[in-house]
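The structure displayed is predicted, hence computed values, not measured ones. Side chains are part of it too, since the values below use all heavy atoms of this structure and drop only hydrogens, waters and symmetry mates.
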Number of protein chains: 2
Amino acid sequence: MAISNSNNRFSSKLTSQCQNCSLSALCLPIALADEDVNRLDQIIERKRPLKKGEILFHQGEEFDSVFAVRTGTLKTYNITNSGEEQITGFYCPSELVGLSGIDENHYPVSAKALETTTVCEIPFSHLEQLSSQIPSLKHQLFRLMSRKICDDQQMMVLLGKKNADEKVASFLLNLSHRFKKRGYSATAYRLSMSRGEIGNYLGLAVETVSRVMTRFQKNGLIDVDGKEISIINLPEMEKLVGAAGECATIEHV
Amino acid sequence: MAISNSNNRFSSKLTSQCQNCSLSALCLPIALADEDVNRLDQIIERKRPLKKGEILFHQGEEFDSVFAVRTGTLKTYNITNSGEEQITGFYCPSELVGLSGIDENHYPVSAKALETTTVCEIPFSHLEQLSSQIPSLKHQLFRLMSRKICDDQQMMVLLGKKNADEKVASFLLNLSHRFKKRGYSATAYRLSMSRGEIGNYLGLAVETVSRVMTRFQKNGLIDVDGKEISIINLPEMEKLVGAAGECATIEHV
DNA sequence: ACCAACATTTGATCTACATCAGCGAGTAAA
DNA sequence: TTTACTCGCTGATGTAGATCAAATGTTGGT
């Protein structure tokens with residue numbers, strides 16, 4: 001895909017730069033030799049930013065790349081036979097989206113930007129080739145996919161067994177952990193998704209999400225101001241979630 | 001792990017035999033050259049059968065192998081902080097279990113036999129090494145993990161959005177597809193798990209599972225005799241499930 | 001600055017499913 | 001055979017959260 005130069009603000013960023021990308025330790029957290037980083041750089045395409053609501057790839061489209069989120073947020077979803085949207089995940093900076101397309105060679109979901117979002121496109125066939133030459137890269141890919149499996153299974157437990165309070169608390173703490181990992185505050189952040197999208201994702205009605213958050217605020221667990229969230233009583237929130245899932249508990253590096 | 005020779009009935013089977021294993025086309029469905037199959041054979045250990053209730057690996061245990069089910073059925077589950085079991089999956093012959101352990105190098109779940117079950121143990125470090133030398137094997141592994149991600153996400157949709165009827169129907173049809181893929185009848189099979197385990201997996205009470213199945217039978221959709229299930233009205237069942245998930249719809253090879 | 005469209009909150013009511021309880025059938029041990 | 005269990009089925013009742021309804025806030029376009 002040709003790189004757009006229409007916007008000078010970004011063209012300078014659209015160059016090889018895994019070396020100095022602040023996310024490199026996260027998106028493919030491996031100790032690569034300099035020459036290997038260069039090889040990785042060469043296959044990665046930086047794309048122009050997606051505006052809010054723009055689609056990165058469509059459900060059913062042919063799979064060719066995975067994408068690392070650099071800034072902003074994406075959601076993946078599919079459209080059910082009854083025409084409603086079902087959100088299957090949110091993706092923050094440093095996270096990889098598109099792995100589920102490998103199997104069938106088509107993306108089984110669509111990915112849409114929740115806000116202005118930039119991604120690195122990584123053509124999968126190149127990545128796979130490169131992984132043959134760099135064992136640590138291959139291992140890293142296996143780990144990433146394994147983690148995704150693990151995380152999704154925790155999500156299954158959440159959906160199948162937890163009540164509304166536990167779902168919302170898990171969701172807020174999960175985001176907190178993800179922000180913390182990138183060096184941001186774990187206790188104050190901005191939601192990039194609407195209440196409706198949260199409810200859709202958690203298997204709850206919008207009204208329930210709203211009520212639970214309001215109640216959490218009344219009870220001094222969190223502070224809510226529109227999309228701004230502050231976690232006031234972290235221990236109590238964690239208690240609500242319970243020892244949670246093992247994947248989350250063992251704590252990702 | 002030493003192979004037990006205490007049981008002659010099995011010792012003859014505990015030899016290299018991916019070539020003539022009827023599942024080989026499924027467990028790692030690749031066109032491998034003969035010599036490659038041999039190399040794969042050499043790293044695989046066939047273990048003595050597990051009896052019903054025996055544990056293949058425990059949650060928290062160090063990860064070293066993935067396992068291909070040859071006969072029988074396994075369930076994976078984890079124990080929540082409140083001490084209850086949460087089933088995260090059932091595994092039939094030809095299916096691979098343990099992939100979620102790669103990331104943290106520990107199994108995040110336990111795996112237990114639901115009936116007498118035999119598995120092939122595949123030490124992951126060897127498999128990974130071998131995959132460096134056989135690109136098609138590496139690709140196959142990526143595909144398998146991708147499919148698992150895809151399937152789990154469909155399960156998330158099921159748990160989050162479907163009602164009891166749709167859950168049970170999806171479950172029964174999913175098993176049907178898995179039996180069919182292995183060449184068995186898609187319309188008559190035996191459940192290896194209890195109603196309680198089905199309910200646990202689907203996020204339903206036992207009583208609900210029982211009631212739904214009874215109602216399905218009354219309505220001529222299925223025939224139930226204890227653990228024996230016959231699907232009488234397949235089209236109607238499929239309608240109940242809806243166009244379902246994309247992963248399932250595009251149809252695995 | 002204004003208006004239209006949409007997002008969020010709150011209250012009232014409804015319902016799918018959980019929970020509780022009781023029953024019969026199968027199975028294993030004594 | 002009896003006792004003790006476990007498993008599956010069915011009926012009665014309770015409840016978490018969905019749905020319906022309406023007011024209020026927020027946002028983007030012109």
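Closest non-hydrogen pair, B/L114 versus B/S192, comes out as CB-O, 3.7 Å. Counting all heavy atoms, side chain and backbone alike, B/G53 lies closest to B/K112 at O-CG, 3.5 Å. Across B/S176 and B/A186, no two heavy atoms sit closer than the pair OG-O, 2.6 Å.
When rounded to the nearest whole Å, the span between NZ of B/K218 and C1' of D/dC9 equals 10 Å. Counting to the nearest Å, the P atom of C/dT9 and the CD atom of A/Q217 are 9 Å from each other. Atom CE in B/M193 sits roughly 12 Å away from atom P in D/dG8 (whole-Å rounding). Rounding to whole angstrom units, CG of residue B/D165 and P of C/dT15 are separated by 17 Å. For A/K52 and D/dG28, the NZ to C1' distance is 10 Å, given to the nearest whole Å. The interatomic distance linking B/L159 (CG) with C/dC17 (P) rounds to 13 Å, in whole Å. Between the P atom of C/dA16 and the CD atom of B/E166 lies a distance of 12 Å, rounded to the nearest Å.
Across residues 194-215 of chain A, A/G203, A/L204, A/A205, A/E207, A/T208, A/R211 each have a non-hydrogen atom less than 4.0 Å from an atom of DNA chain D (numbered order). At a non-hydrogen distance threshold of 4.0 Å, B/K227 from residues 220-233 of chain B come into contact with DNA chain D.
Aromatic ring centres of B/F67 and B/F57 lie closer together than 6.0 Å. Ring centroid separation for the pair A/Y189 and A/Y184 does not come in under the 6.0 Å cut-off.
A/R190 places none of its side-chain heavy atoms less than 4.5 Å from the side chain of A/E115.
The ring pair (Phe, Tyr, Trp, His ring centres under 6.0 Å) test applied to A/F63 returns A/Y107, A/F124, not counting sequence neighbours.
Atom NZ of B/K51 has 12 or fewer neighbouring heavy atoms from other residues, nucleotides or ligands inside a 6.0 Å radius.
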